[in-house]
**Student:** 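Please find one structure pasted underneath; my questions will follow.
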Number of protein chains: 2
Amino acid sequence: MDKQTSRYLDILLAIAKDGSLFDTVSTSTVALAKQLKSSQQSTSRKLVEMELLGLIRRRTNQRGITISLTDRGVGQLTYLRDELIQIITSEKTPILGMVVSGLGEGGYYVGQERYQTQFKKMLGFSAFPGTLNLRIDITQFKHFLHQKKQIVIKGFKGEHRTFGPLNCIPVMLRNKKNSVEGSLIIPERTTHPEDIAEVIAKDNLRSLFDIKDNDKVEIGAIE
Amino acid sequence: MDKQTSRYLDILLAIAKDGSLFDTVSTSTVALAKQLKSSQQSTSRKLVEMELLGLIRRRTNQRGITISLTDRGVGQLTYLRDELIQIITSEKTPILGMVVSGLGEGGYYVGQERYQTQFKKMLGFSAFPGTLNLRIDITQFKHFLHQKKQIVIKGFKGEHRTFGPLNCIPVMLRNKKNSVEGSLIIPERTTHPEDIAEVIAKDNLRSLFDIKDNDKVEIGAIE
DNA sequence: ATTACTAAGAGGCGAGTAG
DNA sequence: TCTACTCGCCTCTTAGTAA
């Protein structure tokens with residue numbers, strides 16, 4: 001973030017609130033200072049500085065001052081807002097994943113019968129033997145994970161190799177074409193954090209959603 | 001806004017970005033200072049202050065420090081985010097209006113034939129002779145208005161009184177039951193800003209939406 | 001390597017006041 | 001009244017450095 005943004009944030013916010021981002025607001029350094037719990041002098045000086053920096057337009061008159069935000073001033077607030085929205089994703093906001101190619105190994109893995117019986121019991125569906133890999137903004141993803149209860153699927157030993165435990169998070173998967181219940185699966189050994197989510201559902205998601213690489217899929221919470 | 005919030009905002013943001021709001025992040029005052037374009041000393045001191053204020057949890061070790069945000073720290077960011085969202089409503093975000101009783105005069109007004117012919121021509125529909133009044137958050141409303149082109153309906157003189165010009169803004173109106181194209185109508189003489197929006201549509205909105213006072217209606221942009 | 005103390009210097013703050 | 005200047009005070013910053 002810009003150093004300026006935090007130094008002048010409270011004044012920018014005060015103007016934006018009064019003036020609704022685009023209006024010109026008539027006020028005075030005295031009134032503004034009172035609102036900001038600062039002195040008239042500091043407020044006056046800061047406004048001059050902000051004008052110099054191109055954050056506001058400012059005119060003085062007998063009765064006080066009129067101020068409006070410049071595009072740059074609005075931009076600082078918008079930028080900060082977007083940054084905060086990205087950091088603080090609320091539970092109800094679905095997050096977007098971009099389809100990427102996996103190693104093709106996921107299908108063999110989740111296709112194992114001893115996984116499938118647990119999927120049926122714990123998640124309510126048998127999984128199509130194939131996973132869809134979604135690249136996700138890691139910040140949003142972590143936030144999303146934080147709020148979900150994980151369902152643990154036990155690992156087991158196969159004939160040739162070991163199949164580790166899986167953490168599952170039931171989700172709604174949706175794109176333009178379709179919408180289906182599914183689950184994130186996170187092998188317990190995986191080194192987190194990882195920006196790829198592997199998802200399963202009862203259907204073949206690639207054909208259900210008619211997707212190619214780089215398409216977008218929404219991942220939403222289960223009610 | 002809290003004075004603390006702006007003083008420590010850049011550090012809070014840096015931690016939240018790295019640590020995804022809930023994780024504990026391992027870093028060092030040196031690295032953090034570099035990222036924040038400040039000195040190691042100031043960063044160290046501020047972190048100590050922030051711990052004292054209950055904004056973060058902090059542990060030092062041989063290799064540096066581990067930090068996580070407290071609920072209070074998260075709260076400061078969330079509060080700021082909500083404030084910014086309220087100020088900066090993007091064009092695509094529908095705003096919510098609450099149905100309130102009008103004076104019942106709106107219907108007589110918009111029912112005038114010389115208005116109706118213009119509605120038909122300029123808006124694409126004849127209006128049901130009645131308006132719905134919606135109370136709206138004024139900040140969001142102003143922002144919404146700012147981005148819309150207004151359609152001007154000319155005023156005229158009737159037998160007994162004068163009917164002034166109207167500014168119209170086509171919108172989508174929606175609630176749980178239904179969705180319909182309509183228009184905000186703003187008598188030109190009205191003293192703005194006003195937190196009540198008067199809306200019309202070809203249908204009787206009260207019956208189409210099956211609404212009573214205090215129900216909510218979404219007002220969205222026309223594509 | 002680190003963190004964080006001390007101390008000096010930079011710079012922000014507000015009282016007084018001119019215009 | 002108002003804005004905004006000067007100037008002293010005091011807080012915040014950073015260099016040096018100990019642990």
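Here is how names work: the chains are called A, B, and so on, in the same order as the sequence lines, proteins then strands, and each is numbered from 1.
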**Student:** Taking 5' to 3' order, which nucleotide of DNA chain C is first and which is last to have an atom within less than 4.0 Å of a heavy atom in chain B?
**Tutor:**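 Result: C:dT2 to C:dC5.
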**Student:** Where does the angle between the aromatic ring planes of A:Phe163 and A:Tyr115 fall among parallel (under 30°), tilted (30 to 60°) and perpendicular (over 60°)?
**Tutor:**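 Perpendicular: the ring planes of A:Phe163 and A:Tyr115 meet at over 60°.
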**Student:** May I ask you to say what A:Ser44 touches in the nucleic acid, namely base, sugar-phosphate or nothing, with a heavy-atom cut-off under 4.0 Å?
**Tutor:**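 Base contact.
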**Student:** Let me know the distance between CG of A:Leu32 and C1' of D:dA4, rounded to the nearest Å.
**Tutor:**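 Computing the A:Leu32:CG to D:dA4:C1' distance gives 15 Å.
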**Student:** When we call it a touch if two heavy atoms are under 4.0 Å apart, what does A:Thr60 touch: a base, just sugar-phosphate, or nothing?
**Tutor:**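 The residue A:Thr60 makes sugar-phosphate contact but no base contact.
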**Student:** Quick one: do the A:Arg57 and A:Thr70 side chains pair a donor with an acceptor below 3.5 Å?
**Tutor:**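 Checked: A:Arg57/A:Thr70 side chains show no N/O donor-acceptor pair below 3.5 Å.
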**Student:** Do A:Val217 and A:Leu96 have side chains that approach each other closer than 4.5 Å (heavy atoms only, starting at C-beta)?
**Tutor:**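 Result no, sub-4.5 Å side-chain heavy-atom pair not found.
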**Student:** Provide, to the nearest angstrom, the distance between the CD atom belonging to A:Gln40 and the P atom belonging to D:dT1.
**Tutor:**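 About 13 Å, once rounded to whole Å.
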**Student:** Can you tell me the distance, in whole Å, between the CZ atom of B:Arg45 and the C1' atom of D:dT11?
**Tutor:**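 Value for this atom pair: 10 Å.
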**Student:** Sub-3.5 Å donor-acceptor pair from the side chain of A:Asn133 to the main-chain atoms of A:Val100, do we have one?
**Tutor:**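 Flag not set: sc A:Asn133 to bb A:Val100 has no pair under 3.5 Å.
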**Student:** Look at all strands and tell whether A:Arg7 reaches a base, only sugar-phosphate, or nothing, counting heavy atoms closer than 4.0 Å.
**Tutor:**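 Counting heavy atoms under 4.0 Å across all strands, the contact made by A:Arg7 is with sugar-phosphate only.
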**Student:** Tell me yes or no: between the side chains of B:Arg81 and B:Thr78, is some donor less than 3.5 Å from an acceptor?
**Tutor:**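 There is no such pair between these side chains.
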**Student:** Between A:Gln76 and A:Tyr8, is there a side-chain donor-acceptor contact under 3.5 Å, judged purely by atom types and distance?
**Tutor:**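 No.
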**Student:** What heavy-atom pair brings A:Ile151 and A:Pro170 nearest, and what distance separates the two atoms?
**Tutor:**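 Answer, listing the atom of A:Ile151 first, then A:Pro170: CD1-CG, 3.8 Å.
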**Student:** May I have the distance from B:Gln62 (atom CD) to D:dA19 (atom P), rounded to whole angstrom?
**Tutor:**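 To the nearest whole Å, that distance equals 16 Å.
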**Student:** Mind calculating the distance between CE (A:Met50) and C1' (D:dT3) to the nearest angstrom?
**Tutor:**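 Between C1' of D:dT3 and CE of A:Met50: 17 Å.
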**Student:** Report the distance from atom NZ of A:Lys46 to atom P of D:dC5, rounded to the nearest whole Å.
**Tutor:**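 So the two atoms are 16 Å apart, to the nearest Å.
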**Student:** With a non-hydrogen cut-off below 4.0 angstrom, is A:Ser28 in contact with a base, only sugar-phosphate, or nothing?
**Tutor:**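 The answer is sugar-phosphate, as A:Ser28 gets under 4.0 Å only of primed atoms, P, OP1 or OP2.
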**Student:** Using C1' atoms of five pairs at each end, report the bend of the helix from C:dT2-D:dA19 to C:dG19-D:dC2 rounded to 10 degrees.
**Tutor:**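 The angle, to the nearest 10 degrees, is 40°.
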**Student:** At under 4.0 Å between heavy atoms, what does B:Gln41 touch on the DNA or RNA strands: base, sugar-phosphate, or nothing?
**Tutor:**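 Base contact - B:Gln41 has a heavy atom under 4.0 Å of at least one base atom.
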**Student:** Just to confirm, is there a sub-4.0 Å distance from OP1 or OP2 of D:dT13 to any side-chain nitrogen or oxygen of B:Ser39?
**Tutor:**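 Answer is no, no contact under 4.0 Å.
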**Student:** Between A:Arg59 and A:Thr24, does the side chain to side chain contact (heavy atoms under 4.5 Å, CB included) criterion hold? Intermediate values first, please.
**Tutor:** CA-CA 10 Å; A:Arg59 292 176 68 106; A:Thr24 296; over 6 Å; no
**Student:** Identify whether any heavy atom of B:Arg58 sits under 4.0 Å from a base atom; if not, whether one sits that close to sugar-phosphate; answer base, sugar-phosphate or nothing.
**Tutor:**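 The answer is sugar-phosphate, as B:Arg58 gets under 4.0 Å only of primed atoms, P, OP1 or OP2.
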**Student:** I want to check something: taking the side chain as every heavy atom from C-beta on, are B:Leu69 and B:Leu55 in contact at a cut-off of under 4.5 Å?
**Tutor:**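 SC-SC contact between B:Leu69 and B:Leu55 ruled out.
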**Student:** I need the CD1-C1' distance between B:Ile11 and D:dT13, as an integer number of Å.
**Tutor:**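 Rounded to the whole Å, the gap is 13 Å.
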